[in-house]
Protein chains: 2
Amino acid sequence: MTLLQPIHRPSLHDQLVEQLRSYFTEGPLKPGEKVNEQALASAYGVSRTPLREALKVLASEGLLTWTPNRGVRMAEISAEGLAEVFEVLMALESLAGRRAAARMTEAGITAVATLQAQMEAEYEAGDISAYFRTNQAIHEAILQGSGNEALVATHRSLSGRVRRARFMANMSRTRWQHAIEEHREILAALTARDAERLAQLLAVHLEGKLRSLQETLPSGSG
Amino acid sequence: MTLLQPIHRPSLHDQLVEQLRSYFTEGPLKPGEKVNEQALASAYGVSRTPLREALKVLASEGLLTWTPNRGVRMAEISAEGLAEVFEVLMALESLAGRRAAARMTEAGITAVATLQAQMEAEYEAGDISAYFRTNQAIHEAILQGSGNEALVATHRSLSGRVRRARFMANMSRTRWQHAIEEHREILAALTARDAERLAQLLAVHLEGKLRSLQETLPSGSG
DNA sequence: ATCGTGCATATTGTATTCAAAATACAGAAT
DNA sequence: ATTCTGTATTTTGAATACAATATGCACGAT
């Protein structure tokens, strides 16, 4: 172990943004529901000032809706809005796939393969929550593998807007099965470094996700 | 004139974000240069609190760099960073073009044609600043024409990161000429509603812009 | 009972204050 | 002269205080 290494000191701002992001995506608030500054601030044990700064960032990402003098609400997303976001995500993931097939390290591909195995186990165990996270991790790994930071950041920010919906949606067993198979193909294309096929598969995969979302939450997605 | 109409009351936050955005993209600050909170706040005649909220938003968009306890600087963008952002912009504009070709109204296409004529006049007159704005307007019109708000927003946010570089770069006469011609083809494809061709042309056009940028500002882009 | 009005309360927006950290600078030691 | 160290100043971070706006409720008129 090295004795001299930089001290990692995360800023309050960054911590708040991160914590709030997962609170809003995985927490109890329904779309359209009001967020109380005061309450949140005291829950986190901070003052309203840094909290508001964090909320503004999340609102600019589209996870929250800020109405002047009326406070913050969980963003509501319509079926059309969902489709719009997915259309963009498809373009982004396709690009990422195309690049990742070319640029990803062997180690990176192995890591994806490991995640895939883990995800299949979680599927067998019926642990949907774990599956959800691992699935997310695979997509992020491919994004990272593109080697394009701007792409990663753009994707992250945009996917924030649908993460809540994704998290809430309970997939049908058949869709779940299908998603697993698609992921197998994705891994295969990545291993073969077949850029065009990978790009194509990721787009199709997202299309499927969108369909499944639109089925399970056609109205009132809380 | 109608006597009863909603009162438009822009929030300080929105005004600040907007004004700061154009200040940073078109103002005197060089990439990497320090931004003084105090000074900015008193220049706008507001306190630091709302100013900081606006700065955080712009930083999350990537126009500024926020370093904890060290304040805010104009973002610096490397040649690689520029290429990364353009890679994503290409994917986004291609998608926009594909959609716009299908969905844009005839009126919208006419508007683009008008802008094109205007831009050519500005080119003839050698008014590069006007050209720059009209050019921007054309691209925005196509984005809007896609009918995908998420796409528009994502593009806007991302292009903020290179707007400064774009604004600073002075194109060579030949590149300028070439860009004008590309735009003619773009208009033609849009008029013909040739989705694939439009998508392709927009990508090529951006590729050209990137090249030209990389030539004019290979190091020290202030 | 229902609708409207005015007031009390709660919430949001902004400014100010205080604390913490970084920077700039002066003086001492080599 | 140069480097180091300690201190003053500046700048940033966060909390508090105050102002403005919106919300909720009670009361009165119809």
Side-chain angles (χ1 to χ4, degrees), chain A residues 4-21 23-24 27-76, chain B residues 4-21 23-24 27-76:
Chain A
L4 264 59
Q5 54 186 12
I7 294 175
H8 185 233
R9 222 178 13 156
S11 75
L12 177 55
H13 174 83
D14 289 348
Q15 290 188 67
L16 274 176
V17 168
E18 195 181 323
Q19 296 225 17
L20 287 170
R21 206 198 304 274
Y23 173 66
F24 289 128
L29 272 59
K30 299 189 206 328
E33 197 170 331
K34 185 85 188 299
V35 174
N36 189 304
E37 278 185 21
Q38 205 84 270
L40 256 190
S42 52
Y44 282 111
V46 300
S47 77
R48 281 173 55 223
T49 310
L51 182 82
R52 278 173 62 92
E53 290 178 353
L55 290 176
K56 291 246 155 142
V57 169
L58 293 177
S60 89
E61 284 180 11
L63 183 60
L64 302 172
T65 309
W66 191 293
T67 319
N69 297 321
R70 306 230 162 136
V72 183
R73 297 180 170 277
M74 285 284 288
E76 294 187 89
Chain B
L4 264 60
Q5 53 186 12
I7 295 175
H8 185 233
R9 220 177 14 155
S11 75
L12 176 56
H13 173 83
D14 290 347
Q15 289 188 68
L16 274 176
V17 168
E18 195 181 324
Q19 296 226 16
L20 287 169
R21 206 198 304 275
Y23 173 66
F24 290 128
L29 271 58
K30 300 190 206 325
E33 197 171 330
K34 185 85 188 298
V35 174
N36 189 305
E37 279 184 19
Q38 205 86 267
L40 256 189
S42 50
Y44 282 111
V46 299
S47 77
R48 282 174 55 222
T49 311
L51 181 82
R52 278 172 62 91
E53 290 180 353
L55 290 176
K56 291 244 156 145
V57 168
L58 293 177
S60 90
E61 284 180 12
L63 183 60
L64 302 172
T65 309
W66 192 293
T67 318
N69 298 321
R70 306 228 162 138
V72 182
R73 296 179 171 277
M74 286 283 288
E76 293 187 89

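Proteins get letters first, then strands, A, B, ... in listed order; numbering begins at 1 in each. Below, all heavy atoms of this structure are taken into account, side chains as well, without hydrogens, waters or symmetry copies.
B:D14 places none of its side-chain heavy atoms less than 4.5 Å from the side chain of B:E18. Two residues are said to be in side-chain contact when any heavy atoms from C-beta on lie closer than 4.5 Å; A:R48 and A:L40 fail this criterion.
One can place NZ of B:K56 at 10 Å from C1' of D:dT12, the figure rounded to the nearest angstrom. What separates CD of A:Q38 from P of D:dA22 is a distance of 18 Å, to the nearest Å. Atom CG of B:L51 is separated from atom P of C:dT14 by 12 Å (rounded to the nearest Å). Per the geometry, CZ belonging to B:R48 stands 7 Å off C1' belonging to D:dG13, to the nearest Å. Between B:R73 atom CZ and C:dA22 atom C1' the separation is 12 Å, expressed in whole Å. At whole-Å resolution of the value, CD in B:E53 and P in D:dA15 are 14 Å apart. Summarising the geometry, the separation between CD on B:E37 and C1' on D:dA14 is reported as 12 Å, rounded to the nearest angstrom. Atom-to-atom, CH2 of A:W66 to C1' of C:dT14 comes out at 12 Å; the value is rounded to the nearest Å.
Residues B:E33 and B:R73 are not paired through a salt bridge, judged by the lack of any N-O separation under 4.0 Å between the basic side chain and the carboxylate.
Not a single donor-acceptor contact under 3.5 angstrom links the side-chain atoms of A:R70 to the base of C:dG13.
The NZ atom of B:K56 sits 11.5 Å away from atom CG of B:L51, with the distance rounded to the nearest 0.5 Å.
Remark on DNA chain D: of its neighbouring residues A:G45 and B:G71, the 5'-side contact belongs to B:G71, judged by nearest-heavy-atom nucleotide. Mapping A:V72 and B:P68 onto DNA chain C via the closest heavy atom, the residue that lands nearer the 5' end is A:V72. Of the residues near DNA chain C, A:K34 and A:T49, the one whose nearest nucleotide (by heavy atom distance) lies more toward the 5' end is A:K34.
Checking the phosphate oxygens (OP1, OP2) of C:dA22, a side-chain nitrogen or oxygen of A:R9 falls inside 4.0 Å. Between A:S47 and D:dA14 there is no side-chain N or O to OP1 or OP2 distance below 4.0 Å.
Here the side chain of A:T67 pairs no donor or acceptor atom with the backbone of A:R70 at under 3.5 angstrom.
For A:L12, taking side-chain heavy atoms from C-beta onward, the closest of the listed nucleotides C:dG13, D:dA14, C:dA21 is D:dA14. Checking D:dG13, D:dA22, C:dT14 against every side-chain atom of B:R52, the shortest atom distance belongs to D:dG13. The side chain of A:N36 lies closest to C:dT11 when the candidates are D:dT16, C:dT11, C:dG13.
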